[in-house]
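Okay, so here's the structure we're looking at.
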Amino acid sequence: MEVKECICCKNQVTENSTNCKFCNFPFLGTEEEKAKHIGMFIVNKRVISESEDSLEKNQYLLYIVSAFTFLSAILFFINNKGFYLETIINVFIGTVIFLCGFFLKRKPLLLTIIPLLLILSVYTLNYLINPDTLFNGIVFKLLIIISLSYNVFLIERSNSFKKNHHMKN
């Protein structure tokens, strides 16, 4: 059986195919239909570059969050001599968030969800201990949560596009 490469998605399909089984490119369509399909494919493929850009921005965001966490650990240690549990917890959380940022591009979905859940847990725990902390730094908290959540959304869209079109990760 003869195969050919789809000019749109670059996957191998059988020579007698009327449409690509991966991206539905119309091999027998008019030039206008082919151009329109390629244009739509390129527009939809943009989700991959958006996801990669978002990963880079969120990597920096995780570094900033870990820096603030380390800073709060240091300040707590200096101001509250004798009570080290919160300092140890902050150092642990800061380290986890930093490592997630450092290795983010290796396992993007997992290493975005871990800090998101960790940060949400810390905010919830702080709220349960002292409800006044909910609104302290609310803009910063919302920025972090929305940014990480949007990154999860983009990663999923990108992975779905790659899977549907049999593209390598």
Side-chain angles (χ1 to χ4, degrees), residues 8-11 22-24 37-169:
C8 187
C9 69
K10 308 297 183 207
N11 283 303
F22 301 107
C23 72
N24 207 27
H37 182 82
I38 290 172
M40 288 303 297
F41 184 83
I42 291 169
V43 167
N44 292 332
K45 189 177 176 183
R46 190 180 72 216
V47 71
I48 295 171
S49 62
E50 288 175 358
S51 177
E52 290 168 356
D53 291 345
S54 180
L55 271 180
E56 193 168 309
K57 291 173 185 170
N58 277 295
Q59 191 172 33
Y60 293 124
L61 179 65
L62 291 175
Y63 291 150
I64 291 168
V65 170
S66 68
F68 275 111
T69 306
F70 288 130
L71 181 62
S72 68
I74 292 167
L75 291 174
F76 191 81
F77 179 77
I78 291 170
N79 293 332
N80 298 313
K81 297 177 181 157
F83 188 71
Y84 302 109
L85 181 61
E86 188 167 324
T87 302
I88 292 169
I89 292 171
N90 279 338
V91 168
F92 174 75
I93 291 170
T95 303
V96 169
I97 292 172
F98 177 82
L99 291 174
C100 285
F102 188 75
F103 294 110
L104 186 63
K105 292 185 181 178
R106 292 187 186 176
K107 294 265 187 203
L109 187 60
L110 177 67
L111 296 177
T112 301
I113 290 174
I114 288 172
L116 177 61
L117 293 176
L118 188 60
I119 289 167
L120 286 172
S121 299
V122 168
Y123 293 162
T124 303
L125 186 60
N126 283 340
Y127 172 73
L128 293 174
I129 293 170
N130 182 0
D132 295 336
T133 63
L134 179 64
F135 296 107
N136 293 345
I138 190 75
V139 173
F140 187 62
K141 290 176 182 177
L142 287 174
L143 175 71
I144 293 166
I145 292 168
I146 291 169
S147 181
L148 291 175
S149 299
Y150 184 65
N151 195 42
V152 169
F153 170 74
L154 285 178
I155 292 167
E156 278 300 306
R157 276 188 49 201
S158 175
N159 288 343
S160 175
F161 183 86
K162 289 176 184 178
K163 181 181 177 187
N164 290 341
H165 295 91
H166 296 270
M167 299 173 76
K168 293 178 177 74
N169 287 330

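Note that the numbering runs from 1 along the sequence shown for the chain.
- For the pair L62/L148, a side-chain contact is recorded, criterion being any heavy-atom separation below 4.5 Å from C-beta on.
- To the nearest 0.5 Å, the span separating CG on N126 from NZ on K141 amounts to 6.5 Å.
- A distance of 10.5 Å separates CZ of F70 from CD1 of I93, quoted to the nearest 0.5 Å.
- Between I119 and I97, the closest side-chain pair of non-hydrogen atoms falls below 4.5 Å.
- Taken from CG in N79 to OG1 in T87, the straight-line distance is 9.5 Å, to the nearest 0.5 Å.
- Remark: side-chain polar atoms of S121 are paired, donor with acceptor, to backbone N or O of L117 under 3.5 angstrom.
- The ring-ring contact (aromatic ring centres under 6.0 Å, His included) test applied to F102 returns no partner, not counting sequence neighbours.
- Annotation: side chain of S158 is not in contact with side chain of L154 (no heavy-atom distance under 4.5 Å).
- With sequence neighbours excluded, the residues that form a side-chain contact (heavy atoms from CB on, under 4.5 Å) with F22 are C9, N11, V13, C20, H166.
- Residues passing the side-chain contact (heavy atoms from CB on, under 4.5 Å) test with V152, sequence neighbours excluded: L109, T112, I113.
- Not counting sequence neighbours, the partners of N164 by the side-chain contact (heavy atoms from CB on, under 4.5 Å) test are S160.
- Closest non-hydrogen pair, L111 versus F103, comes out as CD1-O, 3.0 Å.
- Under the salt bridge (Lys or Arg N to Asp or Glu O under 4.0 Å) criterion, the residue pairs touching residues 40-53 are R46-E50, with sequence neighbours excluded.
- Partners of S54 according to the side chain to side chain donor-acceptor pair (under 3.5 Å) rule, which considers only residues two or more places apart in sequence or in another chain, are N58, N151.
- Atoms OG and CG, on S147 and L142 in that order, are 12.0 Å from each other to the nearest 0.5 Å.
- Taking all atoms of both residues into account, the shortest heavy-atom contact from Q59 to G101 is NE2-O, 2.8 Å.
- Taken from CD1 in I89 to CG in L85, the straight-line distance is 4.0 Å, to the nearest 0.5 Å.
- Between I144 and Y123 the shortest heavy-atom distance is CD1-OH, 3.6 Å.
- Looking at residues two or more places apart in sequence or on another chain, you find a ring-ring contact (aromatic ring centres under 6.0 Å, His included) between F98 and Y63.
- Contact detail for I145 and L116: the closest heavy-atom pair is O-CD1, 4.0 Å.
- Atom OG of S72 is separated from atom CZ of F77 by 14.0 Å, given to the nearest 0.5 angstrom.
- Taking the side-chain contact (heavy atoms from CB on, under 4.5 Å) definition, one finds that E56 meets it with Y60, K105, sequence neighbours left out.
- Annotation: ring-ring contact (aromatic ring centres under 6.0 Å, His included) contacts of F68 (sequence neighbours excluded): F140.
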